[in-house]
Amino acid sequence: MWSALAATALLVLGSAAPSAASSASVQPCAQSKGRIIGRGSIAQHIVESAAECCALCQATDRCRAFTWAKPGSSCWLKDNVQDCGSVANTTSGTCDPLPLGPCQPPPRPPYPQADTLPRCAGFPDPFRTADGHRVASGPEWTAHRQDMIGLLEHYMMGHSPPRSAASVRGDLVAAANISTVCDRVSCQPVAATLRNYTLHVGPPNATQTHPFDLFVYIPAGHKGSAPVFVYSAEGFYGGEGFGDLTAVGLSLLLARGYAVASFNRNQLRMDDGPPGCKSPADPGSCFPSPDGVQRLYPEYDWGTIATWAWGATRVVDFLLADTLLSTLLDKDQVMTMGHSRGGKTALWHGATDERISATFPLMSGEGGCGAIRVSTPAAAHPTKGEDTSPSETIADIVRSFPNWFGENFGDFSADPLRAPWDQHWSRMLIAPRAQLGVEGLHNEHENPVGSQASYTATQVIYDWFGVPNRNGVHFHPGAHPMDDQAGEHDWVAVADFADWIQRDVEPRNVSEFNTTAYPVDRPFNWTAPSTPP
């Protein structure tokens, strides 16, 4: 299955064995207007100026030249300096890479500005604390993970209101036994009870709350309390209550005896933020964003992904507190799941809510499981439905969706190697609780190579905890949608992994959850602590 991928050329930012940092000052790129320097390209971005294009070239290993074109603001990075003639409205340049040094201990509050942080090529050591000490025990890891969350909140996600500042109540809208679920593609048979609620969330004892919809599907005939997936849905298309989970996915999970609690995340905050927030002339206008539930918490700087994850936590609060649902659902087998931007949501929810027993980030990409420092090149021979662009970068995602993350995340656009973390941190925060990342082999834009790299790094902590099988990865042969070119196979994989974790039912093919797809060197040289947790 992987033979066609063995020759894939990987764009890795920096190298796994960084050289010593140079003390010499970094010179700007030598620029020439109206010329093309460098044949072909190793990456393409959209940036506002030739100076930004120069900075991206300096921050990218193998980049020796760039071309920036206006109009269009396209930035092409090149690995050669061949003179390719004159073209109007372009600026090209040659540059030397910025100096790289070994990864330093993570910063501590008050956190420094991004452009003052040292550059680090490999994955930063998740076991090293701010004082340079290395975690040596389980209790030390428990304390350190709170510092890791704090760093990610500051530089990436923004700060969300704590549980102590949140309340939730639910009004039952309707309840019925159902035998069919339909989406825009198909109808599928089910045997379940559907309970539709309107949840109201906000500060405790506040006169104003914010509503959003929750649909709880409970499998018929289930003995005892059922394990439950909390699903971050992109919207309820026709009032069906499960959104991009699909009728196929929902019916399969219900048939396996899993309940599903699907909430409409866009009711918590619209995907594009307030009017003018998507791709605004001034991205800073999105922060703080007075949209949706955030209007009730103006003192917090949380981005959209963190807002949705906070909403998922409120769903768990409600499920475990409701008089009826708390008897029908297993409080020790609450899982979180989402697709694409919902996968980013599930990852952050699983990292920050320790009641979650298993996390399923599906096709989560940049800002999710996809690594910052390891990327996937554009498809050389794209298949039908494949996104032919290379993997998304921080610069790409904050330009397209500036409200998704906290306002500091974009500060790493020009030089991602200054990030004092990589996305293995988010994944390792879940350990020793279970997780399964689902990736598409023809989903280059969502960076499956980077997701594999973060999975490999995350395996270190699961091995340390003595639960290696709780960290899983599943590759399908399609592109971004679940089931693409794979029928219902993706949902079968989700259910099989859940059975393995929640019911101790070993899958017929264990290797499906621990086989990697790409020939990628480990972008780190640190190991787990020598003593068991």
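All figures in this text were calculated on a predicted structure; none of them were measured in a lab.
Distance check for Cys57 and Cys63: the SG atoms are under the 2.5 Å cut-off.
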(request) Run the numbers on Ser375 and Asn447 for side-chain hydrogen bond (donor to acceptor under 3.5 Å, both in side chains), then give the verdict. (result) CA-CA 6 Å; Ser375 61; Asn447 197 11; 5.5 Å; no
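Looking at Arg427 and Ser454, their side chains do bring a donor and an acceptor atom within 3.5 Å of each other. Defined by atom type and a distance below 3.5 Å, a donor-acceptor pair is missing between the side-chain atoms of Gln435 and Arg470. Looking at Thr304 and Asn403, their side chains do bring a donor and an acceptor atom within 3.5 Å of each other.
The aromatic ring centroids of Phe242 and Tyr231 lie 6.0 Å or more from each other. Here the two rings, on His476 and His442, have centers that are 6.0 Å apart or farther. Between Tyr300 and His159, the ring center distance fails the sub-6.0 Å criterion. Close placement of the Phe318 and Tyr197 rings is indicated, their centers lying within 6.0 Å of each other. Checked against the 6.0 Å centroid criterion, the rings of Tyr297 and Trp310 qualify as a close aromatic pair. Taking the six-membered ring for Trp, Phe412 and Trp421 have ring centres closer than 6.0 Å.
Proximity of a side-chain donor or acceptor of Arg145 to a complementary backbone N or O of Met428 within less than 3.5 Å is not detected. Within the 3.5 Å criterion, the main-chain N or O of Pro361 finds no donor-acceptor partner in the side chain of Ser364. No donor-acceptor pair under 3.5 Å is formed between the side chain of Asp422 and the backbone N or O of His424. For His210 (side chain) and Gln294 (main-chain N/O), no donor-acceptor pair under 3.5 Å exists by modelled atom type.
Taking 4.5 Å as the limit, some side-chain heavy atom of Ser74 sits within range of a side-chain heavy atom of Gln44. Here the side chains of Val185 and Thr246 are not in contact, with every heavy-atom distance at 4.5 Å or above. Side-chain contact between Lys78 and Ile36: present, with at least one pair of heavy atoms (C-beta onward) separated by less than 4.5 Å. Put simply, the side chain of Glu439 does not reach to within 4.5 Å of the side chain of Gln452, judged on heavy atoms.
For CD of Gln146, the number of neighbouring non-hydrogen atoms (other residues, nucleotides, ligands) closer than 6.0 Å is greater than 12. No more than 12 heavy atoms of other residues, nucleotides or ligands shown are found within 6.0 angstrom of CD on Gln208.
Looking at Asp147 and Arg108, no side-chain N of the basic residue comes within less than 4.0 Å of a carboxylate O on the acidic one, giving no salt bridge. Between Arg355 and Asp317 a salt bridge is recorded (basic side-chain N to carboxylate O distance below 4.0 Å).
Figure legend: cation-pi geometry between Arg341 and Phe401, with NZ or CZ positioned under 6.0 Å from the six-membered ring centre and within 45° of its axis.
Val315 pairs with exactly one of Thr336, Val216, Leu199 by the side-chain contact (heavy atoms from CB on, under 4.5 Å) rule, that one being Leu199.
Using cut-offs of 30° and 60° for the angle between ring planes, the Phe212 and Phe263 rings count as perpendicular.
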